[in-house]
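No hydrogens, no waters, no symmetry mates; every other heavy atom, side chains included, goes into these values. Fair warning: this is a prediction, and the values are worked out from it, not measured in the lab.
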Amino acid sequence: VAGKIAAPGFIDSHTHSDFNPFVYPNLGNKVLQGVTTEVVGNCGMSAAPVEGSHAAELSNVWRREGVEIPKTIPWKSFEDYMNETEFQGLETNFVGLVGHGNLRSAVMGMAARPARPEEIESMQKLLREALNEGAFGISFGLTYLPGVFAAPDELAALCREAARENKICAFHLRSEGKHLVEAIQEAIKVAKEAQARIHISHLKAAGEKNWPKIDHAFRVIDEARAEGVRVTADAYPYAASFAELGVVLPDELYQDPNRITRLTDPAQRTEILTTLKKHYEASPVSWDRVKVATLTQEKNLPFQGKSILEISQTLNRFPVETLVGLLAEEEFKVSAFYFSQSEAVVERVLSKPYVAVGSDSIADGSPMPHPRAFGTFARLLGRCPKEEVVKRNACWGRTIRQMTTLPAKIFGLKDRGRIANGFVADLVLFDPLTVRDRASYDAPKSPPEGIRWVFVNGKAVVREGKYQPLHSGLFITKEK
């Protein structure tokens, strides 16, 4: 091991790996990066609980993001989900959050309105049960259905419930672009009202016009932290995000529960196309920077990995016609890459001492996942200078902290994130001279180099760079 660095196992503080044990059981993409623990249940969508009307909606929620979940879900409660995943076998340890979307959908379906007091109480009850069963907090997805309809009083009420147990409230903000600052202010206001710990998911400034707003965003966060508000964040080292294609639509259409009918009805579709053309003239989208990822219809599969502009040129259509056509044919079950960020801004976000590393990985085993699912951690390590003596270069210590002790502190993992007596043997050994990511947007499933050994709960799941499917992970709770 001469010349290698031994570190605590890396903690991926933001993932959507909830169903990975069932749909990609031996993928190995996380442990090959040195990841030993993943935080799941982010952005308001989790695998559990599955109560009420959400049972019928669950598969649609995940299919829109490129994940085809099992047809039969043998759990309802959070506790049953934990037991089922451990029985199935976990490659990494899981730390679970409860998706606000699960709670809202269970209580009031996809109703496009603020929740009533009695509905908020019902959501609180479901959240309380999941927290008591082992969940580490709640997550919100305020740009997605149904979270987009949640008013601040609903968010504060649920965060108060989490705060009673000193558990985290993770926010996919209501805006990451035009209204980024206002969205951060909303989350901080909720934190103050609820006396809660909040965590901003994948902090970014999306859209070239919005890149300068990151300075104001930093000031708002720094001021809140100086006042004693407990605010942290996570980020990934890529300039492209990954989400369902439908989010590019104006809110009026994206949020409409009858949107599929409207897009497939010829008369309404013509009217919608006219409206959308005017909308995108006023608010332009760089269609060459919107790249389709996962599709379900066989006739559309050749378009995977192509931009909306490229597809439009092939079909001899206007981009807005391509967009509407794909959403209608795929019934909104299509995901895309959005190349909307600045590499310089991404680096500045990751330089903040309160920002942990989170890959935001989803649909890892799909035909066209985001390369962050296979490369995030090695990508960051590979950026540290190799020509200097490792122990004297601050980059290594700072980067490893973002992957280990910082996320362990954020989520309250008392026996992980450090190499010390009494801590669990989640460990990684890597070569600082060769470590690098190989995953790209064209070849997203390429494993990294330089990660030599990885131990999950004391068992070697990577030996000399080779994946070992031992499934030694645990579903972590405060008691376990």
For a 4.5 angstrom cut-off between non-hydrogen side-chain atoms, does V220 reach F218? no
Would you say that K478 contacts E165 through its side chain, given a criterion of any heavy-atom pair below 4.5 Å between the two side chains? no
Does this structure show an ion pair linking R372 with D360, if we count only N-O contacts that are shorter than 4.0 Å? yes
In terms of relative ring orientation, are F140 and H100 parallel, tilted or perpendicular, with 30° and 60° separating the classes? tilted
Do D234 and H199 get their side chains close enough for a donor-acceptor pair, meaning under 3.5 Å? yes
Are R104 and E154 ion-paired here, with the side-chain N under 4.0 Å from a carboxylate O? yes
Between the side chains of E91 and K30, is the shortest nitrogen-to-carboxylate-oxygen separation below 4.0 Å, so that they form an ion pair? no
Minimum heavy-atom separation for S139 to C43, with atom names? OG-N, 3.5 Å
Any luck finding a side-chain donor-acceptor pair between E38 and S17 under 3.5 Å? yes
Do N457 and R416 have side chains that approach each other closer than 4.5 Å (heavy atoms only, starting at C-beta)? yes
E129 bridged to K125 by N-O distance under 4.0 Å: yes
Can you find a heavy atom in the side chain of N210 that is under 4.5 Å from one in the side chain of L180? no
Rounded to the nearest 0.5 Å, what separation is found between the CG atom of L155 and the CG atom of L142? 5.5 Å
Using 4.0 Å as the upper bound for N to carboxylate O, is an ion pair formed by E119 and R113? yes
K291 NZ/CZ over Y441 ring centroid, <6.0 Å and within 45° of normal: no
Gap between atom CG of N60 and atom CD1 of I69 - 0.5 Å precision: 9.0 Å
Note: D364 and P369 closest approach over all heavy atoms is O-CG, 3.5 Å
Counting only heavy atoms from other residues, nucleotides and ligands, does the tally under 6.0 Å from NZ of K76 exceed 12? no
Classify the ring geometry of F10 against F430: parallel below 30°, tilted from 30° to 60°, perpendicular beyond 60°. tilted
Quick one: pull up CD1 in I168 and CZ in R197 and give me the separation to the nearest 0.5 Å. 4.0 Å
Measuring from atom NE2 of H54 to atom CG of N102, what distance do you get when rounded to the nearest 0.5 angstrom? 3.5 Å
Between W75 and F22, does the ring centre distance come in under 6.0 Å? yes
C395 and C384 SG atoms less than 2.5 angstrom apart: yes
Before giving the answer on salt bridge (Lys or Arg N to Asp or Glu O under 4.0 Å), spell out for K192 and E227 the whole-Å C-alpha distance, their side-chain angles and the decisive distance to 0.1 Å. CA-CA 10 Å; K192 291 178 177 179; E227 293 171 6; 3.1 Å; yes
Does the ring centre of H14 sit less than 6.0 Å away from the ring centre of Y236? no
If you measure from OG on S201 to CG on L173, what distance do you get to the nearest 0.5 Å? 7.5 Å
Any idea how F19 and W62 line up, ring-wise: parallel (<30°), tilted (30 to 60°), or perpendicular (>60°)? perpendicular
